[in-house]
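Chain A is the first sequence line, chain B the second, and so forth, proteins listed ahead of strands; every chain is numbered from 1. Hydrogens, waters and symmetry mates play no part in the numbers below; they use all other heavy atoms, side chains included.
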Amino acid sequence: MVAYLIRRIFNAVLTLLVVTLVTFGIFFMVPKLTGSDPALLYIGKTADKVALDGIREKMGLADPIMVQYGKFLKGLVAGRDYANGPDVTHCPAPCLGYSFKTEQEVTPLLMDDLPVTFSLALGAAILWLIGGVATGVISALRKGSLLDRVVMTGALAGVSLPIYFTGLLASAVFVYWLGWLPQGQYVPFLESPADWFVQLLLPWITLAFLFAATYARLTRANMLETLGEDYIRTARAKGLPERTVIGKHALRSGLTPIVTIFGLDLGSLLGGAILTEAVFNLRGLGYQALQAIKGNDLPVILGVTLIAATFIVVANLVVDLVYGLIDPRVRLG
Amino acid sequence: MSSVTPRPYLEVKDLTVRFETDDGVVQAVSGSSFSLEAGKTLGIVGESGSGKSVTSLAVLGLHRTRSNAKVTGQIWLDDQELVTASNEEVRALRGGKMSMIFQDPLSAMHPYFTVGAQIVEAYRIHHPGVNKKVARERAIDMLARVGIPQPSRRFNDYAHQFSGGMRQRAMIAMALVNDPKLLIADEPTTALDVTVQAQILDLIRDLQAEFGSAVIMITHDLGVVAELADDVLVMYGGKVIEQGPAIDLFQRPQHPYTWGLLGSMPRMDREVRDRLTPVKGSPPSLINLPSGCAFHPRCPYAGRNGDRSFTDIPVLTGGAHSVACHMSAEERTKIFQEEVAPNL
Ligand SMILES: Nc1ncnc2c1ncn2[C@@H]1O[C@H](COP(=O)(O)OP(=O)(O)O)[C@@H](O)[C@H]1O
Ligand code: SF4
Ligand SMILES: [Mg+2]
């Protein structure tokens with residue numbers, strides 16, 4: 001298990017390194033290919049040659065790509081100083097550079113948005129995991145019943161409807177028509193947990209619905225397959241009561257594949273989060289990414305990409321480790 | 001209850017099991033009756049699909065969780081009727097008084113629980129007051145008794161870490177952990193290497209002697225039956241077509257299907273390639289059984305008594321050695337002695 005652990009962590013770090021290399025490469029290549037000058041993007045078209053050279057020197061834009069990449073990595077790990085003679089700006093770790101648009105440091109900019117996206121993602125994930133798995137199990141146990149058919153039809157709708165549709169529909173019904181929920185702003189958890197919860201409820205449900213539908217279908221299929229296994233018959237032949245047969249023996253294997261899918265989905269959650277943040281006007285990472293793409297703000301795009309990649313890699317790492325814990329066949333080879 | 005002759009430990013009367021499927025009703029077992037005394041072994045033989053497993057699962061009441069299954073008839077275990085008993089009553093007997101060993105021990109063991117934990121679970125469900133430590137000792141003791149080396153270390157292993165033979169031993173340990181009075185072994189050696197097969201059969205025989213339980217040995221291999229069984233039941237197309245004491249059945253087999261099975265039995269005095277001549281033709285569909293005698297499409301003697309084999313279902317003759325065939329006893333004896341026996 002320790003060897004497995006070390007191998008997985010090593011792989012994860014390696015993956016992240018490759019991701020920084022590729023994204024940084026793109027970041028470096030895009031201005032070259034489009035013929036735009038990053039220095040110009042920083043200080044605008046009106047600047048004179050001296051100012052442009054100064055910014056090139058300070059940002060290290062004239063260095064060869066590997067040197068720039070090296071400095072970028074160092075900035076990530078240890079922070080870096082941008083210097084042009086006596087003009088020194090310190091950027092603490094993890095340094096992601098400066099926004100073209102606002103000239104703000106990227107890291108604090110994104111850190112401000114992170115809690116919004118994190119709250120959205122975490123709440124939605126918990127909601128869909130519990131909701132999807134529970135409905136899937138119930139459907140499997142009542143296969144062919146009216147309940148099963150209703151739930152599975154709903155799940156089909158959930159899988160096929162896009163977020164902006166379900167999101168707007170949910171807003172229309174719960175906010176404007178029934179008036180049960182406020183249409184408002186994100187409230188930080190520490191400010192007021194209750195408001196945080198109420199404000200996020202609808203985005204959660206919208207985002208979770210998309211995933212929960214998949215989980216319900218998947219769980220149902222897994223459970224039905226597991227219930228037909230020989231070892232379930234053995235569990236019954238031992239004289240175990242039905243609740244142990246289902247609740248322990250069947251769930252144990254029926255839910256194991258869900259863990260893998262959950263990890264993958266956690267990673268790709270950001271895509272759904274961007275749309276959800278747009279629909280509900282939440283200013284999170286997704287919103288920030290959208291603005292950056294519109295404004296061609298490469299350092300911010302780079303930052304968001306790295307955060308998203310880190311999120312995916314870490315989620316996968318956690319899943320691999322959890323999987324090693326729950327499936328002895330993986331752990332012991 | 002005050003009956004004059006005590007009931008045998010297990011008595012099955014007119015057992016019928018049907019499955020409703022999309023393709024039609026599967027008549028998996030039709031009216032089979034048999035009985036078994038404590039300490040004795042009953043062999044059930046027949047080709048794959050003849051209803052052997054369905055019969056044994058019916059005894060354990062394992063068709064109850066299938067909504068498409070219908071079981072009728074009577075199953076008496078130690079003077080308790082099981083077909084009409086409640087789910088809870090039957091559950092309490094499963095794994096306790098009666099238990100079962102399955103064909104493929106890899107798929108029959110849970111992949112995510114250790115072998116030891118699964119044995120402990122089987123023990124504790126029938127001994128609710130026993131603490132984990134005692135149950136663990138009991139499980140390790142059972143692993144040792146079925147011949148698993150280093151049992152306290154293997155206790156923590158998973159099924160996939162065992163070899164096929166060791167896995168089946170562990171399965172047997174689990175089945176015997178509560179001292180069952182009836183043990184059903186459903187093709188316990190089919191998935192194993194030939195050398196391991198013999199070891200497992202020896203083990204079952206030794207344990208039966210030690211525990212004194214009644215054993216139902218299900219197999220498609222008459223060799224296994226010849227070695228272990230006191231009585232034999234031959235099934236074809238969901239019906240019992242011949243039954244009797246093993247000695248009679250092997251010395252004077254009466255049914256043309258049994259002759260076929262005997263002909264397909266491996267024998268030491270024959271060349272390997274001559275050994276196996278399986279019964280020609282294929283097993284019948286249980287949704288649409290052939291008319292008359294279900295064996296008639298494959299029976300070389302089907303036309304002997306006019307059309308009866310094609311139109312009338314033969315009934316068991318009854319008695320200690322019973323057979324369901326339209327031919328007369330004399331005719332069968334003559335054919336066996338003149339045509340069949342010399343070629344066996
Ligand atoms: N749950 C079920 N639903 C429908 N048909 C079944 C079911 N279980 C067994 N059968 C059918 O019953 C017949 C007898 O099966 P089985 O008792 O397993 O044969 P075997 O003698 O090889 O053990 C087979 O044709 C099988 O397809
Ligand atoms: S009844 Fe007829 S077909 Fe059936 S086994 Fe006897 S001879 Fe053959
Ligand atoms: Mg079978």
Side-chain angles (χ1 to χ4, degrees), chain A residues 1 4 137-149 219 222-260 319-333, chain B residues 53 56-57 59-68 87-115 117-128 156-161 171 174-175 177-178 180 183-184 186 191:
Chain A
M1 187 70 197
Y4 176 77
V137 169
I138 293 169
S139 260
L141 295 180
R142 305 230 184 295
K143 185 187 163 216
S145 68
L146 184 67
L147 181 80
D148 176 29
R149 272 173 284 172
T219 305
N222 282 345
M223 281 302 283
L224 285 177
E225 195 190 321
T226 305
L227 287 173
E229 294 283 355
D230 284 356
Y231 54 79
I232 296 299
R233 185 187 58 193
T234 306
R236 293 195 172 110
K238 291 202 291 199
L240 298 181
E242 209 49 25
R243 63 170 185 283
T244 314
V245 174
I246 306 286
K248 183 174 169 192
H249 289 239
L251 272 188
R252 183 67 175 72
S253 10
L255 295 191
T256 303
I258 300 285
V259 174
T260 314
V319 164
D320 276 349
L321 299 183
V322 169
Y323 214 85
L325 280 180
I326 60 180
D327 189 344
R329 287 173 302 189
V330 171
R331 179 177 3 128
L332 304 163
Chain B
S53 296
S56 55
L57 295 175
V59 173
L60 255 74
L62 286 175
H63 297 306
R64 287 165 178 256
T65 48
R66 291 188 185 279
S67 55
N68 70 334
N87 284 341
E88 178 52 26
E89 282 169 324
V90 179
R91 186 207 58 75
L93 296 172
R94 269 187 225 133
K97 254 187 186 175
M98 54 180 179
S99 71
M100 186 151 173
I101 306 167
F102 296 99
Q103 175 171 340
D104 180 359
L106 182 58
S107 62
M109 292 259 197
H110 203 294
Y112 298 144
F113 300 127
T114 62
V115 166
Q118 295 182 62
I119 300 176
V120 163
E121 188 183 37
Y123 187 62
R124 293 187 76 200
I125 192 74
H126 294 283
H127 297 83
N156 295 314
D157 281 350
Y158 294 88
H160 75 271
Q161 295 172 288
M171 189 82 211
M174 184 159 85
V177 73
N178 293 310
L183 175 68
I184 303 179
D186 189 354

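- Contact count versus chain A (heavy atoms, under 4.5 Å) is highest, among Thr65(B), Asn178(B), Asp104(B), Leu106(B), for Thr65(B).
- Proximity of a side-chain donor or acceptor of Arg149(A) to a complementary backbone N or O of Gly144(A) within less than 3.5 Å is detected.
- Between Gly254(A) and Pro257(A), the shortest heavy-atom distance links the atoms O-CD, 3.5 Å.
- When each of Ala122(B), Ala175(B), Pro111(B) is scored by its heavy-atom pairs under 4.5 Å with chain A, the top score falls to Pro111(B).
- For chain A, no part of Thr114(B) is nearby; none of its heavy atoms comes within less than 4.5 Å.
- Of all non-hydrogen atoms in Lys238(A) and Gln118(B), the two that sit nearest each other are NZ-O, 2.9 Å.
- Glu121(B) and His110(B) form no side-chain donor-acceptor contact under 3.5 Å, judged by distance and modelled atom types alone.
- The nearest pair of heavy atoms linking Val115(B) to Ala159(B) is CG2-N, 3.7 Å.
- Neither the backbone nor the side chain of Leu93(B) comes within less than 4.5 Å of any heavy atom in chain A.
- Of all the listed residues (Gly61(B), Ser107(B), Ser67(B), Gly96(B)), the one sharing the greatest number of non-hydrogen pairs under 4.5 Å with chain A is Ser107(B).
- Neither the backbone nor the side chain of Glu88(B) comes within contact range of chain A; no heavy atom of the residue lies under 4.5 Å from a heavy atom of that chain.
- Contact annotation for Ala108(B): both backbone and side-chain heavy atoms come within less than 4.5 Å of a heavy atom of chain A.
- Within a 6.0 Å radius of NZ in Lys143(A), no more than 12 heavy atoms belonging to other residues, nucleotides or ligands are found.
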